**Q** 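Mind having a look at this structure? Questions to follow.
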Amino acid sequence: MPTIVIIGAGPGLGLSIAKVFGRRDFTVALISRDRDKLDGLVKRLTAAGVTAASFAADITDHASVAAALDDTKQRFGAIDVLEHSPAPRAADELALVGPLDVTVDNVQAQLDFSVHGAITAIQRVLPDMVARGNGTILVTTGASSVAPVPMMGNVGIAGAALRNWVLNLNQVLADKGVYVAHVPLAVWIGSGGPETQPDTIAELYWDLYTTRREAEHPYNAL
Ligand SMILES: NC(=O)c1ccc[n+]([C@@H]2O[C@H](COP(=O)([O-])OP(=O)(O)OC[C@H]3O[C@@H](n4cnc5c(N)ncnc54)[C@H](OP(=O)(O)O)[C@@H]3O)[C@@H](O)[C@H]2O)c1
């Protein structure tokens, strides 16, 4: 069975992507910090007939991410798909600031969260994918990675940097069998109709995985 790893797995989009791939016979590995929450998500997936396991790690703790990915590989074998979509909790104090309040410190926190964590995770799985000539990496951000959203002055700097790297990876890996794509979500997940629901949005990830049709797929439901 192929394996998908979801980094930043929570009850919203992360769980929905797990269900979408799991019901198409993927094994699912969930990575985030809270072990109790992860246990609950694994139970829900198992009840739905999906083979799933969780590996606790904090994306700002690079050693823990590397260990979780190594443990995933040891348990399930090669990682076929890595989906990256951590979303900070309010309590994490990753303050959103407007452009006038941007500082080195509040940008550094966003870079640590969004960019450096993604680099650690992706670089841990990429060499194997390139060696196999096959693999998929899907990176989720918000709208401010693509277009200015003033209330997200510092978040947008980090998201734009991550987007830039992902799009570059897409180009250089296209002829190596590895598909890398960026999904900027302009939506408040779960806020309204079906187009805002994580189960709907998650189908896009399966579509991108199967078609490899573009380097970036903006999703707009605002
Ligand atoms: N929610 C929205 O309205 C919205 C809007 C635009 C874009 N997005 C994007 O959509 C994606 C998913 O959003 P979602 O709200 O549905 O989230 P979700 O998949 O329900 O959960 C995301 C998970 O990220 C984990 N996380 C947070 N900090 C982490 C860290 N330092 N290390 C490891 N994991 C961490 C959290 O679990 P732990 O606390 O257990 O670690 C959380 O449960 C994110 O990429 C987000 O930027 C969301």
Side-chain angles (χ1 to χ4, degrees), residues 1-89 92 94 111-141 162 165-166 169 173 176-181 183 198 202 205-206 208-209:
M1 279 165 93
T3 296
I4 181 170
V5 177
I6 295 165
I7 300 200
L13 186 64
L15 179 62
S16 293
I17 292 172
K19 288 189 292 187
V20 161
F21 280 77
R23 68 170 170 261
R24 274 110 170 180
D25 284 337
F26 267 74
T27 296
V28 175
L30 304 176
I31 296 178
S32 55
R33 294 168 299 178
D34 182 331
R35 286 180 193 277
D36 290 342
K37 180 205 67 187
L38 284 168
D39 286 348
L41 297 179
V42 167
K43 268 192 196 139
R44 288 170 69 178
L45 289 168
T46 305
V50 175
T51 303
S54 65
F55 303 88
D58 181 333
I59 50 153
T60 64
D61 173 353
H62 301 172
S64 76
V65 173
L69 288 167
D70 292 351
D71 289 348
T72 300
K73 208 168 113 180
Q74 201 166 23
R75 171 96 175 255
F76 293 135
I79 293 168
D80 299 280
V81 179
L82 183 145
E83 193 278 330
H84 188 269
S85 54
R89 299 180 198 161
D92 288 342
L94 275 168
L111 290 172
D112 288 342
F113 183 82
S114 297
V115 183
H116 301 153
I119 291 172
T120 302
I122 290 171
Q123 292 293 30
R124 198 73 181 181
V125 303
L126 197 49
D128 280 357
M129 289 183 175
V130 172
R132 289 199 315 272
N134 194 23
T136 297
I137 295 172
L138 302 170
V139 176
T140 307
T141 68
L162 179 55
W165 183 51
V166 169
L169 283 177
L173 292 169
K176 293 183 168 50
V178 179
Y179 171 61
V180 186
V183 184
Y205 291 74
W206 181 258
L208 291 175
Y209 166 71

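All residue numbers in this chain count up from 1 along the given sequence. Here the structure is a predicted model, which means the values were calculated and not measured.
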**Q** Check whether any side-chain heavy atom of L208 sits under 4.5 Å from a side-chain heavy atom of V183, and report yes or no.
**A** yes

**Q** Side-chain contact, heavy-atom cut-off 4.5 Å: V139 with I122?
**A** yes

**Q** For residues V65 and I31, determine if any side-chain heavy atom of one lies less than 4.5 Å from a side-chain heavy atom of the other.
**A** no

**Q** L45 versus K19: any side-chain heavy-atom pair under 4.5 Å?
**A**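 When only atoms from C-beta onward are counted, K19 and L45 do touch, with a gap below 4.5 Å.
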
**Q** Counting C-beta onward and ignoring hydrogens, is there a side-chain heavy-atom pair between L138 and Y179 closer than 4.5 Å?
**A**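 L138 vs Y179: side chains touch.
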
**Q** Of D128, N134, L173, which is the lone residue that meets side-chain contact (heavy atoms from CB on, under 4.5 Å) with V178?
**A** L173

**Q** Any side-chain donor-acceptor pair under 3.5 Å between Y205 and T140?
**A** yes

**Q** With a cut-off of 6.0 Å (strictly less than), are more than 12 heavy atoms of other residues, nucleotides or ligands near CZ of R35?
**A** no

**Q** Quick check: closest heavy atoms across A68 and A56, and the distance to 0.1 Å?
**A** CB-O, 4.3 Å

**Q** If you measure from CZ on F26 to CZ on F76, what distance do you get to the nearest 0.5 Å?
**A**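 Output value for this atom pair is 13.0 Å.
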
**Q** Taking all atoms of both residues into account, what is the closest heavy-atom pair of L82 and A121, and its distance?
**A**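 Shortest heavy-atom contact: CD1-O, 4.0 Å.
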
**Q** Contact between R124 and D70 at the side-chain level, heavy atoms closer than 4.5 Å - yes or no?
**A**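 In short, these two side chains touch, coming nearer than 4.5 Å.
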
**Q** Do the side chain of S64 and the main chain of A57 share a donor and acceptor less than 3.5 angstrom apart?
**A** no

**Q** Can you tell me how far the CZ atom of F55 sits from the OG1 atom of T72, to the nearest 0.5 Å?
**A** 4.0 Å

**Q** Would you give the length of the straight line joining atom CH2 of W206 to atom CZ of R23, rounded to the nearest 0.5 angstrom?
**A**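 Reported value, rounded in 0.5 Å steps: 10.0 Å.
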
**Q** Taking R44 for its side chain and G40 for its backbone only, find out whether a donor-acceptor pair lies under 3.5 Å.
**A** no

**Q** Indicate yes or no: at least one non-hydrogen side-chain atom of I59 is less than 4.5 angstrom from one of T120.
**A** no

**Q** Identify the two heavy atoms, one from V130 and one from K176, that lie closest to each other, and give their separation to 0.1 Å.
**A**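 Closest pair (atom of V130, atom of K176, distance): CG1-CD, 4.2 Å.
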
**Q** More than 12 heavy atoms of other residues, nucleotides or ligands under 6.0 Å from NZ of K37: is that the case?
**A** yes

**Q** For the atom pair CZ (F113) and CG (D58), what is the distance rounded to the nearest 0.5 Å?
**A**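 If I round to the nearest 0.5 Å, the distance is 8.5 Å.
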
**Q** If only atom types and distance count, is the side chain of D80 paired as donor or acceptor with the main-chain N or O of I4 below 3.5 Å?
**A** no

**Q** What is the minimum heavy-atom distance between A9 and L38, and which atoms define it?
**A** O-CD2, 4.3 Å

**Q** For S54 versus D39, what's the shortest heavy-atom pair and its separation?
**A** OG-OD1, 4.1 Å

**Q** Working to the nearest 0.5 angstrom, can you tell me the gap between S114 OG and H84 NE2?
**A**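 The distance works out to 8.0 Å.
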
**Q** List the atom of D34, the atom of R89, and the distance in Å for their closest heavy-atom pair.
**A**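 The pair with the smallest heavy-atom distance is CB-NH2, 3.6 Å.
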
**Q** How many angstroms lie between atom CG of L126 and atom CD1 of I119, to the nearest 0.5 angstrom?
**A** 12.0 Å

**Q** Do side-chain atoms of T60 reach the backbone of D112 as a donor and acceptor pair under 3.5 angstrom?
**A**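 No, because the side chain of T60 does not come within donor-acceptor range (under 3.5 Å) of the backbone of D112.
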
**Q** Any non-hydrogen side-chain atom of T141 less than 4.5 Å from a side-chain atom of V166?
**A** no

**Q** Can you tell which of V28, V5, T136 makes a side-chain contact (heavy atoms from CB on, under 4.5 Å) with V81?
**A** T136

